[in-house]
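For reference, the structure is listed below as structure tokens.
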Amino acid sequence: MKTILVVDDKADIVELVKNRLEANHYKVIVASDGNEGIKQAQQHRPDLIVMDIMMPNMSGGEAVKVLKSDAATQHIPVVFLTAVGSSVREGEEPGRVYVDGKFFPAIGKPFKPEKLLSEIKKLVGN
Amino acid sequence: MPKPTRPVSAATVPKPVVPRHRLEVGTISHDDLVQEVNMRKAVEDKLRRSNDGIKMLYKELVKTNAQLKEFDQRKDDFVNNVSHEIRTPLSIIRESISQVSDGLFGKVPAKQKRHLDKSLVNVDRLANIITDLLDVAKIENMKLQLYKAKVNMTSLVEDVVSNFESKVKAKGLELKCELPDTDVNASIDQEKVIQVFVNLMSNAIKFTQKGHIRISIEEKDDLVECHIADTGRGIAQEDLPKLFNKFEQIGRHHGSAEKGTGLGLTISKGIVELHGGKISVASEEGKGSTFTFTLPQNLLHEGVIQNLKSVLLSAIEKFNQFTVIKLNVDVPKDQLKAQSALVDKLIRACLYRKVDDVVQDGRKIYILLPGTKKADCTVVIERIKRELKQHDNAKVHLDVQVTSYPDDGLTEDELIWKLLSEEERA
């Protein structure tokens, strides 16, 4: 069973995403900001990270920068799940978020669960 | 009236100077002199006061400007925050409804499910309105950021069109797609350009009851011209000028159930213009509409420069010195594709060392020679010229430019700036 780390400061979102992913047979671990997300990622080496952007203490973008510069975590794919900006417009395809010279897939909030699931499936299988 | 001979600054106010020769000539009476001195003093006082005034005004302006900038920033933050603050609860509402509707907590009767799904559709609509409003705000404040990269427009359009196929079929319309057989590349923000196509396609389908939707793109000089044509109800002549205005929903009084935000065309226009292109419409009521927009190909920039940048950066890290030769290859445009492969092959044959690197883009070729001084690269240039001359097929004219590290620049940005022509820098 694949493990997914969900990082979001809103408990309701964490609960809902966890619920949805577990219903689709993923194991889910959670964190409530960038700092905690990095710790969880380093400790548990999840197969994928679902990352919010705007969070207190450390933003999702900052956290991804750190994760991508750490040899232990740099291979872990990241999908942003964010309410920030229109770069993540809910179109036919997932949007993109630009962090440190690289594009990452991004799904805008409010999200369609089938988009989140298909993006995850594309990156780690199920 | 006599004027002060120098501009007056508050710091050094010149003392009134009475021209000596006029005293010597002795034609001015004492009273006249006193009067003139007083007058000059009065003028100087006035000047000093107005100068102080200007200085104060300037200070005020600097302060106001800083305040305005801060206000502008706060407004942007506010717009972004409001969007964020609305989207977060919306996503909680949406996903909660969605999980109930999907039966994650038990089976849902069909009647209930219908209502839940109706809620979902409207949450999505609300989210789209917020996104559109935010886009318009950004476009109007010139804050919409483009992330450009080299994109093959032919396959981009194919992808967009394939996403609409079922929708078009469901309405009993025909979908015609006229694309060139070859790649048509342009340096664009893929997501934003897709947004334009999606907006125009959605409109075309929305307002067409029978007939077809036709999409085509073609290369024209250094532009890509895109057309989205329909055989729909068309637009009245008097409505055409208003079409790209905000919240202008021309079709609304027709009473059909179209639901848009009235911002799609405003956003499309903004995106096209940010790319340096133009958008226009031709329409006849009852016959249909054709929207046309252009996007400059701008192929020299972005992708290649990014590539060149990383090549230069790693060269700076690895070598104490190196030289970059830039060749501007003069080939007629229709022969460019055929010639560039040949030229690339010939040039690579002239480079004997493994560390030498070639970055090519259309007419521009950058050759990186690690460890080579500026003066020493002439050998390589001569070799390349000879090689190209020997090949009758390579009908090229070379224009050579040389830039060296560390002589011409210490960072990759400085070096690139030196390598680019003025029009490329723009």
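Here is the naming used below: chain letters follow the sequence lines, and residue numbers restart at 1 for every chain.
The residues K115(A) and E119(A) are annotated as not salt-bridged, no charged nitrogen and carboxylate oxygen being separated by less than 4.0 angstrom.
For N19(A), the parts lying under 4.5 angstrom from a heavy atom of chain B are both the backbone and the side chain. Looking at D159(B), neither its backbone nor its side chain comes within 4.5 Å of chain A, counting heavy atoms on both sides. Proximity to chain A (any heavy atom under 4.5 Å) is restricted, for L104(B), to the side chain, taken from C-beta onward.
With respect to T208(B), the side-chain contact (heavy atoms from CB on, under 4.5 Å) criterion is satisfied by exactly one of I213(B), N203(B), V168(B): I213(B).
Side-chain polar atoms of Q99(B) and E95(B) form a donor-acceptor pair below 3.5 angstrom.
Between F293(B) and F197(B), the distance from one ring center to the other falls under 6.0 angstrom.
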